[in-house]
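Just so you know, these numbers use all the heavy atoms, side chains as well, and skip hydrogens, waters and symmetry mates. Predicted model only: the values in this text are computed from it and were never measured. Naming convention: chains lettered A, B, ... in sequence-line order (proteins, then strands); numbering from 1 in each chain.
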2 protein chains.
Amino acid sequence: MKVAILGYGTVGSGVYEIITNGKSEELKNIEVKSVFARSRDKMHLATDDINEIINDDEISVVVECLGGLNPAYEFIKRSLESGKHVVTANKAVAAKYLDEFVSLAKENNVKFIFEASVGGGIPWLVNLERTRRVDEINRVYGIFNGTSNYILDNMYRNEQEFDSTLKTAQDLGYAEADPSADIDGGDVINKIILSNALAFDIHIEPNFPTYSMRNITKNDIDYLKKYDYAVKYIGETNVADGKYETSVMLSIFDKGSQEAAVELNNNIITLDGSFIGELKFYGQGAGKLPTGNAIVQDIVDIYSNIPRKDVVIKNELVQSNELTSKKYLLRSSSELAGELIESIEKYENEFYIKTKEISLNQLRELTKELEEKDDKYLVAKFH
Amino acid sequence: MKVAILGYGTVGSGVYEIITNGKSEELKNIEVKSVFARSRDKMHLATDDINEIINDDEISVVVECLGGLNPAYEFIKRSLESGKHVVTANKAVAAKYLDEFVSLAKENNVKFIFEASVGGGIPWLVNLERTRRVDEINRVYGIFNGTSNYILDNMYRNEQEFDSTLKTAQDLGYAEADPSADIDGGDVINKIILSNALAFDIHIEPNFPTYSMRNITKNDIDYLKKYDYAVKYIGETNVADGKYETSVMLSIFDKGSQEAAVELNNNIITLDGSFIGELKFYGQGAGKLPTGNAIVQDIVDIYSNIPRKDVVIKNELVQSNELTSKKYLLRSSSELAGELIESIEKYENEFYIKTKEISLNQLRELTKELEEKDDKYLVAKFH
C-alpha cells in the first residue's frame, strides 16, 4: 500500500522514519511514495506540487502533517474527493471541518481518521471508540496539552514564575513563540471537541466556558501547595439527561492523584463508562515518534482493513452550563461578596476566594464581576 | 450470535448483565443462550450438563468464567475442539495451557481470547497487541493485582499492620480466605506470563525470581515514607539483546509517580515501546462489571470479525537474570556484609540494607543468605 505524506516537519519526518524502519509484518507492506514539501534537498521523495499526489492513483492514503487550517483543509478535501483515505494529526482542521470531512469520506467510501490529533502517541480515540461498542460514556476529562503541563509542573517543582517557565519551555522547543494556543485554551478546545465527537456523537462549537491559564503565579502554586493541591489545565465534558457540559480551565487535584503525578509534557486522559468505571490513558502527548506512531497505527488500520467505526455526528445532546455543581477557587486583588462565596483567605496580598458548589453559569457571573476589577484574576475548578 | 457462559459468579453474572442491558448496536445482536451453573434457581438459562452447551451448534462462543484449572481446562479444550470460540477471564488456566489452547484454536479456525484475564477492565492486552503492529516493546511492568494494592495503599494511608489490613480486605471481599495467590505472587505470575506472550511471543515457566509481599510491616512503610517512597507489588519483564528477564516483587516508587498514586484495588500497567515510549493504562483490575466489560469486548470482536491477531509463541528469547542492574532494599533482623552492600541503616531495631546496583542472580545470593538467618526478611526493588 502506497502513502503520501504532506509536510516534512517533526511529525511528517517521524511518520517516514517509523514506516521505513519499522520491523513488523504490517509495515513491510506499507511504502511512502511521495512527500509534499518545499524542497527536494530536505527529502528525496519531495514534491512541491500537490497535484502530483492527488492525481496519483497508486497512492491510497494521504497523511496530512502540515498543521493549521490552510492549505490543510483544501488538501484533505481534495484527497477525500479523489478517493484517498486521509490520516491526520491536525486537530485544528479536524475539529473545525469534522462534519464535512466525515461526510466526504463516507460519500467516497474512504476513511478519515485522526487518532494522533488528540493525545499524540496515546491510543485515546481508538479506545474511546472501542469502549462505546459495549458501554455508555458519561464523562471525559484530562490533561490534553503537554506544553501547559510542562509549565505547571516546572512551576510546581522548581518554584519558578510563569514567565520564566514559559521562556524555558520556548527555549526547549516545547512552546511556540506565540504560546496562545497552548495556554489560552485553543489546543485543548480542539482536542475536547474531537473527543466529544467520538464519545458523545456531538460536533460542538468552541463557545463553552474556557479560561486561560496565563495569569497563574508562583504565589498561586504556593497557596495550593499549602493545602497539598496541584493544579493542571483540563478539558472536560460531562453528559447526563440528554445534556452535555464542556469546559476548559485550570483544575485543582489532590497531590496523591494520577493527574497530579503527570510530569513534564506528558498527557493523561480519562473516560468514565457506566460499566467500566474510570479508565485512564497516559503517555507522550506530542513529539516526533509518539505522534508519528499514532499516525502509522491509523495507516495500519486502513492497510489491515480494521473496521474503524465511521464517526457519526448526531448532535442529540443539548448544551448546558448547569449540569454540574463544583467548588471553584478565584484569586484576585479584589474581594468578592455574595451568596455564592464560601470563604475568602488573604495570602501574600491576594484574595483566594472559594465558592460554594455552583454551576458554570454562576461561575461566569462571578468571573465577569472580577474581570472588571482585575484583569489578572485567576479561576480554577476543584476537580 | 449466541453465546454460553460457564459459571454464574461475579464475572459470569456481570457478562450476562452487560449483554442483556447494553444499548449498543453490537450488543443487540448478541444473545446469551445458556449458562453452565449448578442450579436453575440462580438463573433461568442454567444447565448443569456441559454437553448441552458443547453439542449445541447454535452456540458459537463459550465464555469461561469458572476460574481455576479444573474443569475449566477440559471445558475450554472441548469447546475449541467443537469449533466454538472461547473467551476467558481465567488467568490460571490461560497461563498454564496457553500453547495448547492457541494451537487448538488455530486447528479449529476459532479464536481463544483472554483480555479480561490481565488487568480486569483495563484494555491492556488489546493495546499491547495493537502497539506491536508498529512498534517493538522493550519492557512491561505494573500493578497487576488489586488485592495487594488495596493492602499496601491501606497500610500506607491508615498506618495499619499487614495482618489487620488483610483482614479488612477479606471482610470487604477483596481478598480470599486463603490470600496466597494475591500476596505470594501466583496471580501476578500468571498475568505477567500472559502479558509476555503478547508482548514478546514467549510462553514461559513460572520459575523466575518471585518474592512474596507477606512479610511487609508498618515499620517498613514508615521507613520508606521517611524518604518519600511508596511501595507497590509489581510484575515486570525487560527484554534486550535476545534475552528476557521477568520478576515479581515489591518495588519502591517515588511518592510523585503514577504508580504511587494508584489507590484502593486499582491497577496500572505500562508498556515501553521503541517509538512510543511509555504508555500507561489505569483502571479497575477486577469486579463484576469491569471484568465483564472486558469479556464482552472480546465477544464483540468475534461478532464484528475484528481481526485479533493469533497469539504466536516463538520462544526466541532466552531467560536471563543478569539483564538489569538495580538497587534493592533488604530488611531483616540480621545484618549483611560484603561487596554487594551499599549501606545499612538501623530503624526501630530492624536493619534496612541497601544494595549496590546488582543483578537478580546477585539478589538471589543475598536473599538465600538472609533466609537462613531470618524467615521474616523483606526484599523490594528500587524501581
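- For the set A:Lys280, A:Gln284, A:Arg133, the count of heavy-atom pairs under 4.5 angstrom toward chain B peaks at A:Arg133.
- For B:Glu64 (side chain) and B:Val86 (main-chain N/O), no donor-acceptor pair under 3.5 Å exists by modelled atom type.
- Contacts from residues 121-129 of chain A to chain B, taken as heavy-atom pairs separated by less than 4.5 Å, involve A:Gly121, A:Ile122, A:Pro123, A:Val126, A:Asn127 in sequence order.
- In this structure, the side chain of A:Asn265 does not engage the main chain of A:Tyr150 through any donor-acceptor pair within 3.5 Å.
- Ion pairing of B:Arg139 with B:Asp272 is absent here, as no side-chain N (NZ or NE/NH1/NH2) approaches a carboxylate O to less than 4.0 Å.
- Here B:Ile276 is the residue among B:Leu289, B:Ile276, B:Val262, B:Val296 with the most heavy-atom pairs under 4.5 Å with chain A.
- For B:Asp254, no part lies near chain A; criterion is any non-hydrogen pair under 4.5 Å.
- Contact record, B:Asn267 with B:Asn145: ND2-C, 3.7 Å, taken as the closest heavy-atom pair.
- Applying the salt bridge (charged side-chain N to carboxylate O under 4.0 Å, His left out) rule to A:Lys106 yields no partners; only residues at least two apart in sequence or on another chain are considered.
- The most heavy-atom pairs under 4.5 Å with chain A, out of B:Glu25, B:Glu278, B:Gln297, come from B:Gln297.
- Aromatic ring centres of A:Phe253 and A:Phe382: separated by at least 6.0 Å.
- Of the two parts of B:Arg130, the backbone and the side chain both hold a non-hydrogen atom closer than 4.5 Å to a non-hydrogen atom of chain A.
- Heavy-atom distances place the side chain of B:Glu136, and not its backbone, under 4.5 Å from chain A.
- For the residue pair B:Tyr244 / B:Glu316, no side-chain donor-acceptor distance below 3.5 Å is found, with atom types taken as modelled.
- If you look at A:Phe144 and A:Tyr233, their ring centroids are not closer than 6.0 Å.
- Top candidate by heavy-atom pairs under 4.5 Å with chain B, chosen from A:Thr291, A:Asn293, A:Ile19, is A:Asn293.
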Would A:Glu26 and B:Arg132 count as a salt bridge (charged side-chain N to carboxylate O under 4.0 Å, His left out) if you check the C-alpha gap in whole Å, the side-chain angles of each, and the deciding distance to 0.1 Å? CA-CA 10 Å; A:Glu26 288 88 347; B:Arg132 287 203 60 201; over 6 Å; no

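- When A:Leu27, A:Val134, A:Ile299, A:Asp135 are compared by the number of non-hydrogen pairs under 4.5 Å with chain B, A:Val134 comes out ahead.
- Checked by atom type and distance alone, the side chain of B:Ser304 never pairs as donor or acceptor with a backbone atom of B:Asp301 at under 3.5 Å.
- Residue A:Asn266 does not touch chain B at all, counting heavy-atom pairs closer than 4.5 Å.
- Enclosure of atom NZ in A:Lys243 is not indicated, since only 12 or fewer non-hydrogen atoms of other residues, nucleotides or ligands lie within 6.0 angstrom.
- Heavy-atom distances place no part of A:Lys28 under 4.5 Å from chain B, backbone and side chain included.
- The contact between B:Ile268 and chain A is made entirely by side chain atoms (from C-beta outward), counting heavy-atom distances below 4.5 Å.
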